[in-house]
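Numbered from 1 within each chain, the chains take letters A, B, ... in sequence-line order. Only this structure's heavy atoms are used, side chains among them; waters, hydrogens and symmetry mates stay out.
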There are 2 protein chains.
Amino acid sequence: MKKTIFTFAALVLAILALFQLSKYSIIAGDTSIETVIAIIAVIFFIIGIVINKRVLHKKKTPTQEINYQKIEELGLSKREYEVLCQIAMGLSNKEIAQKLFVSESTIKTHVSNMLVKLDAKRRTQAIQIAKQLQIIPL
Amino acid sequence: MKKTIFTFAALVLAILALFQLSKYSIIAGDTSIETVIAIIAVIFFIIGIVINKRVLHKKKTPTQEINYQKIEELGLSKREYEVLCQIAMGLSNKEIAQKLFVSESTIKTHVSNMLVKLDAKRRTQAIQIAKQLQIIPL
DNA sequence: ACAGCATTCATACTAAAGTATGAAATTTAG
DNA sequence: CTAAATTTCATACTTTAGTATGAATGCTGT
């Protein structure tokens, strides 16, 4: 954060200095107005690009947003969605049952209902569809 | 493409007009040099940001690079890798067999060998591991 | 209170996935 | 050319996945 403030301050000072320099150059008559304007234009053009790049780089966290609205549209219940996520993690029904502290048959019920709602024939297809619909993280 | 050329031409004309305008304003004496420079600076700053945004937007194709070296490290054969990709697409063994014009038992063999090499217990886990290793597209 | 939904579980069944083993044909690299 | 690896396929078997049905419990909104 300190670095950001320092950089910003330095930038402002540099710009002010540039302004003064350009003014004196024009008054002194050894530089045309067009040249000064062109230089200023190029410099700020570059500054614009650099700052934009910085900003975009900051939010370069490809955290795939989850489409919660889609989950509701599909009518997926909380439990069904939990099971779907565990399936995507590569767990078996038995493992999911242990993780969620329920019986395997319960998981089977959830899986079966979830498959119908996602219009999938297999759990692997459910994973594929869920990723496409962006309802589970990549 | 025509739109790009037209936009670019319009931009250049606008800039030239701006230059002339600023020159006359200064000569006429009803605008200070500082003001003109400031306006130019802001305009080019914005132009820089806009152009940068356009360029970055073009290559906004997050085409996940596939780590082919990793595939070799794992000792996955061409066929095993093909099968892995089809599994990730959500296909069953039977469907994969039809797609690759071989018998289902052949696919089973490939799957079994692939699972060992990926150190996975199930095909869903294989998908998960393969994504982590970036050997299949997201 | 009660209808509706989600969650839980069981049993019984079918289908798909995965393992093990053996073997033949093909490709590839030395 | 030969050895090693790949690809192919089959059979038999075990395990996991998925379907169908029925039922009990608990929560929620009207």
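What separates CG of A:N93 from P of C:dC9 is a distance of 14 Å, to the nearest Å. The distance from atom CD1 of A:I87 to atom C1' of D:dA17 is 10 Å, rounded to the nearest whole Å. The NZ atom of B:K94 sits 15 Å away from the P atom of C:dG18 (whole-angstrom rounding). To the nearest angstrom, P of C:dA29 lies 11 Å from CD of B:E72. As a whole-Å value, the separation of A:E80 CD from C:dT8 P is 11 Å. Atom-to-atom, CG of A:L76 to P of C:dT7 comes out at 10 Å; the value is rounded to the nearest Å. In this structure, the NZ atom of B:K121 is 14 Å from the C1' atom of D:dT15, given to the nearest Å. Regarding B:R122, its CZ atom lies at a distance of 15 Å from the C1' atom of D:dT14, rounded to whole Å.
For the atom pair NZ (A:K70) and CD (A:E72), the distance works out to 12.5 Å, reported to the nearest 0.5 Å. Note that NZ of A:K117 is 15.0 Å distant from CD1 of A:I129, once rounded to the nearest 0.5 Å. Here the CZ-CG distance, from B:R79 to B:L100, works out to 5.0 Å after rounding to the nearest 0.5 Å.
Applying the under-4.5 Å side-chain rule to Ile, Leu, Val, Met, Phe, Trp and Tyr, the cluster around A:I46 extends to A:V42, A:V50.
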Can you give the donor-acceptor pairs under 3.5 Å from side chains of residues 131-138 of chain A to other protein atoms, not counting sequence neighbours?
unit_1: A:Q134; atom_1: OE1; unit_2: A:Q64; atom_2: NE2; d: 3.1

Which pairs of donor and acceptor atoms, one on a side chain in residues 108-116 of chain A, lie under 3.5 Å apart (sequence neighbours left out)?
unit_1: A:T109; atom_1: OG1; unit_2: A:S105; atom_2: O; d: 3.0
unit_1: A:N113; atom_1: ND2; unit_2: A:T109; atom_2: O; d: 3.2

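Distances were taken from every side-chain heavy atom of A:K78 (C-beta onward) to each of C:dT7, D:dA17, C:dA17; the shortest belongs to C:dT7. Distances were taken from every side-chain heavy atom of B:S77 (C-beta onward) to each of D:dA17, D:dT6, D:dT19; the shortest belongs to D:dT6.
The side-chain heavy atoms of A:I66 and A:I71, taken from C-beta on, include a pair separated by under 4.5 Å. Side-chain contact between B:L118 and B:L84 is present, with heavy atoms from C-beta onward closer than 4.5 Å. Between B:S92 and B:E95, some side-chain heavy-atom pair lies under the 4.5 Å cut-off.
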Are any protein N/O atoms closer than 3.5 Å to N/O atoms in nucleotides 25-30 of chain D? If there are, list each pair with its distance.
none

Strictly under 3.5 Å: I want the nitrogen or oxygen pairs between protein and nucleotides 8-12 of chain D, one per line.
unit_1: D:dT8; atom_1: OP1; unit_2: B:R79; atom_2: NE; d: 3.1
unit_1: D:dT8; atom_1: OP1; unit_2: B:R79; atom_2: NH2; d: 2.9
unit_1: D:dT8; atom_1: OP2; unit_2: B:R79; atom_2: NE; d: 3.0
unit_1: D:dT8; atom_1: OP2; unit_2: B:H110; atom_2: NE2; d: 3.0
unit_1: D:dC9; atom_1: OP2; unit_2: B:S103; atom_2: N; d: 2.8
unit_1: D:dC9; atom_1: OP2; unit_2: B:T106; atom_2: OG1; d: 2.9
unit_1: D:dC9; atom_1: N4; unit_2: B:T109; atom_2: OG1; d: 3.4

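Taken together through direct or relayed side-chain contacts under 4.5 Å among Ile, Leu, Val, Met, Phe, Trp and Tyr, A:V12 and A:F6 form parts of separate hydrophobic clusters.
When each of A:L115 and B:G75 is assigned the nucleotide of DNA chain D with its nearest heavy atom, B:G75 is the one assigned upstream, toward the 5' end.
Recorded end-axis angle for the helix from C:dA1-D:dT30 to C:dG30-D:dC1 stands at 60°, based on five pairs per end and rounded to 10 degrees.
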Before giving the answer on side-chain contact (heavy atoms from CB on, under 4.5 Å), spell out for B:T124 and A:I127 the whole-Å C-alpha distance, their side-chain angles and the decisive distance to 0.1 Å. CA-CA 9 Å; B:T124 49; A:I127 295 173; 3.9 Å; yes

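For the residue pair B:E73/B:Q69, the side-chain donor-acceptor check at 3.5 Å is satisfied.
Contact annotation: B:S112 reaches the phosphate of C:dT19 (side-chain N/O to OP1 or OP2, under 4.0 Å).
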